[in-house]
Structures are given as structure tokens and as C-alpha cells.
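For reference, the structure is listed below as C-alpha cells.
Positions are given from 1, in the same order as the sequence printed here.
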Amino acid sequence: MISFVKSMLAFQIRSFALFTFLMLVWAPSINAQQVQSDYQIQKSFKEDIKSVDRALQNVNSSAEVADITQQIAELDSTYSDHQKLINSAIYPATFQEQMQELRQRATLISNRLATIEEQEEKLNELTDKLADYGTKLSRLDQRTDSLQTAVSQSVESEKQLSAQLRDYRNSLEQRDELILSFIDSVVVTYRDIGISTLSDVENNQVQSRLSEGNNPLELIRSIPERNLQLIESNTKLAAVDYLRMNAVQDEFANMWSAVGRKLSEAYSSNPDEVQNEIQQQTEAWESAVHKRMWSSMHQTFKQTGLDIAEFSDSTSMFAELNNFVEQGITQSEEGSSTESYEQYQAFNNFWNDHVKKNWMPHLIRGETTYK
């Protein structure tokens, strides 16, 4: 029995010695593996953070941001159990702070890209709509040219010529209404988009829009040029036609003043040149239509039998109308006469039945009374 106890004791001593020896041998290796594992976690975290940061800097669409947001969530899940270890490596920043910063950046970029994509879609819709306007305007121009040729070459009776001229004027009116509709579409689209926030859209895929062949600047450039040709080639239009043309020109000028720069930047590789060119054409159009409009209005007064002096703008027109009225008042005070009464009656009838009814809507729309 004593011999057995001694044998067991000796075995335990040898086992303890062996265990102690193994611990001395293995301990440095185990500690080194632990240190290596901690370092690898810290290194991997930093590399993953840099990878997400680069992705956010180069993102181009909302879909890409959604993918990156998912990556951020996976990073959070992967490293959340090692926050203390990571915090020691990125001090003074913390794991939670870096995760929150990435999430906030992703949200801001996602919102900005969503806005850009929405604006881009509206611009593309505008491009398609303007292409449709261009087609319709081209058809009306062809009809207008045909009618103008028929009127200028007509040897028909006065009644038939009058009908042709009426058709020609109606065609011009339809054309003007189409241009006004086009202007409204441009203004409404840019108002909805928000002109002050268009810089990102203007710099996004400009060349692709230019290469599609539906550049709205081509249509916009043609409007003042074509209208100037129509004004200079016509001598048989009525004052109301020129008043309507003036209203169209005024709205076009306002539209171009409001969004011309933005349109030039969005659809041209030489925005300064395009903007200046269209601005000069618009001013030439304005000068031509004003000259014909005031002259035609004065001729209409004369043809009605109203002896009103010539005028060339709204100030001189109202001055001459006031002079005409004051002369009528003076004549009536000096003594009633059939002639002065007939003059008054003619003026009153013309003003109420023609000026207010036919001229005033265009005067108001074209703001002629303020020029």
C-alpha cells in the first residue's frame, strides 16, 4: 500500500513538472497569437473604413448609396463586439462615432443624388416635350410660309384675298400660342426643379444630352430668328397681330432672362457664346416688333378718322391721346359742334369696341403700357 502511494505521488510530481514545462514552452506562442489576432482586427477595421470612405466619394447613384449603406450596417455588425479594442487603436475617435459619421454621410449623399436624379428626369421630360413643340412649330411654319406666299402672289378677287389673309393671320396666331405654351413649359419645369439648385444637374451627363439630338437650345435659338424674319417680311398685318407678337416676345425675353443662363449651361459646351447670341437675337426681335407695332397702331387710329399725332412708344402714345382728348374738351367748351361730337363719338366707340376688346389683352400680357 505504501509502495502504491509512493508511485502515485511520483507520477503526480512528474505530471506537474511536464505541465509546467509545456506551459513555459507554449505560453509565449499563445500570447503572440492573441496579439496577432487583436492587431488584425484593428487593421481590418481601418481598411474597411477607408474602403467605405472611398466608395462614398465616388458614388454616382442612389442605388450605389443603398449598397454602401448595407456595407456600413455589416461593418457595424462585424466589429461591434470589438469596440474596446478598436477604440484603443483609433483614439480619440470611437467606433460608434465613426459608424455614425458614415451613416450620416451616406444619408446626405443619398438625398442629394435623389434630388439630382429627380431633376435630371424633369430635364429629360422637358427635352422630349420641347422636341414635340419643335415638330409642331415646324409644321405651323410650313403652313404659314405657304399662306404668306399665297397672299403675296394672289391675283384673286378682294374677297378671296381677304380670306387668304385671314387664314394667314390665324396661322400666325396659332404659332404664337404654341410658342407661349412652350415658354410656360420651360418656366414651369425650371420653377419646379429649383433654379438655384441646378448646378449638379448641369454638370451631370451634359455631353449625353447634347449627343441625343434633342437639344432645346436649337428650338429656342430659332424662335427669335424666325419671328424676326416674319416681322420683316410682312406688311399686311393688323395692329392686333403686332401687339400679340409683342406679348410673345416679352414673355420669351422674360423666360430667357430667368433661365437662359441655366439652359445654356445645361445644354451647351459654350454657354457664354450661346447665351449672348440668343440675347442679341431677342433684342433685335424686340426692336423690330416695337417699330411695327407702334406704327401700325398709329395707322389704325388714322384710318378710323382720329387725327392723332404719330407716336413711337407708350409714353408718347398716351401723351398724344391726352392731347387729343384735351383738344376735344377745349373745342366743346368753345362751342358745341357736330364735328367735335362726331370725333368724340368715333374715339369713344373705337376705344371701347376695339382698343379694350382687341388690343388691351395683348397690351396687358406684353406689358406694353409700361415700356
Side-chain angles (χ1 to χ4, degrees), residues 129-130 133-134 136-138 140-141 143-144 147-148 165-191 216 219-260 263 278-301 311-318 320-321 350-371:
K129 186 180 292 185
L130 298 193
Y133 278 122
K136 292 178 180 178
L137 189 59
S138 178
L140 276 174
D141 279 342
R143 172 172 169 75
T144 300
L147 289 170
Q148 182 182 12
L165 183 58
R166 183 172 59 252
D167 288 342
Y168 175 59
R169 292 176 58 195
N170 287 339
S171 179
L172 286 176
E173 184 173 1
Q174 292 174 20
R175 184 180 182 280
D176 288 339
E177 289 301 322
L178 181 63
I179 293 174
L180 289 174
S181 178
F182 155 78
I183 292 170
D184 288 341
S185 294
V186 172
V187 173
V188 168
T189 298
Y190 271 77
R191 183 185 62 204
L219 174 58
I220 292 173
R221 180 188 282 110
S222 71
I223 289 175
E225 180 180 353
R226 175 61 175 154
N227 277 274
L228 185 59
Q229 293 174 353
L230 285 171
I231 292 169
E232 292 177 344
S233 63
N234 279 289
T235 58
K236 297 181 180 180
L237 298 180
V240 68
D241 297 314
Y242 293 116
L243 281 162
R244 187 188 65 252
M245 290 178 174
N246 176 74
V248 173
Q249 191 282 330
D250 186 78
E251 293 212 20
F252 181 93
N254 289 337
M255 177 273 292
W256 188 246
S257 175
V259 301
L263 282 169
I278 295 178
Q279 182 63 34
Q280 290 174 3
Q281 291 176 337
T282 302
E283 292 172 358
W285 177 16
E286 178 184 35
S287 177
V289 74
H290 277 191
K291 182 178 179 180
R292 288 290 181 88
M293 179 182 69
W294 297 121
S295 175
S296 181
M297 290 170 70
H298 177 255
Q299 288 299 317
T300 304
F301 277 115
F311 50 83
S312 59
D313 54 38
S314 60
T315 301
S316 58
M317 181 185 76
F318 284 112
E320 294 304 331
L321 289 175
F350 180 75
W351 188 263
N352 290 320
D353 297 340
H354 194 79
V355 174
K356 286 186 175 181
K357 181 179 178 181
N358 299 322
W359 290 7
M360 199 58 69
H362 301 300
L363 286 167
I364 294 173
R365 187 164 193 175
E367 298 182 0
T368 307
T369 53
Y370 305 106
K371 294 181 180 177

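With rounding to the nearest 0.5 angstrom, the CD1 atom of Ile179 is 4.5 Å from the CG atom of Asn227. Expressed to the nearest 0.5 Å, how far OG of Ser287 lies from CZ of Arg292 amounts to 11.5 Å. Atom CE of Met297 and atom OG of Ser312 lie 12.0 Å apart (nearest 0.5 Å). From Arg244, atom CZ reaches atom CE of Met293 across 13.0 Å, with rounding to the nearest 0.5 Å. Interatomic distance, Asp241 CG to Met245 CE, rounded to the nearest 0.5 Å: 6.0 Å. In this structure, the separation between CD1 on Ile278 and CD on Glu283 is 12.5 Å, given to the nearest 0.5 Å.
Checked by atom type, the side-chain pair Asn254/Ser257 shows no donor-acceptor distance below 3.5 Å.
Between Lys356 and Pro361, the shortest heavy-atom distance links the atoms O-CD, 3.7 Å. Heavy atoms only, all atoms of each residue included: Asn358 and Val240 are closest at O-CG2, 3.5 Å. Taking all atoms of both residues into account, the shortest heavy-atom contact from Ala238 to Ser296 is C-OG, 3.6 Å.
Within the 4.5 Å cutoff, side-chain heavy atoms of Thr282 are placed close to those of Gln249.
The aromatic ring centres of Trp294 and Tyr242 sit 6.0 Å or more apart.
Across His290, Glu251, Glu286, a single residue satisfies side chain to side chain donor-acceptor pair (under 3.5 Å) together with Asn246, and that is His290.
Remark: Trp359 pairs with His354 by the side chain to side chain donor-acceptor pair (under 3.5 Å) rule, at least two apart or across chains. In this structure, Glu225 has no side chain to side chain donor-acceptor pair (under 3.5 Å) partners at least two apart in sequence or on a different chain.
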Next on the checklist: ring-ring contact (aromatic ring centres under 6.0 Å, His included) for Phe311 and Phe318? Distances and angles first, verdict last.
Outcome noted: CA-CA 9 Å; Phe311 50 83; Phe318 284 112; 9.0 Å; no

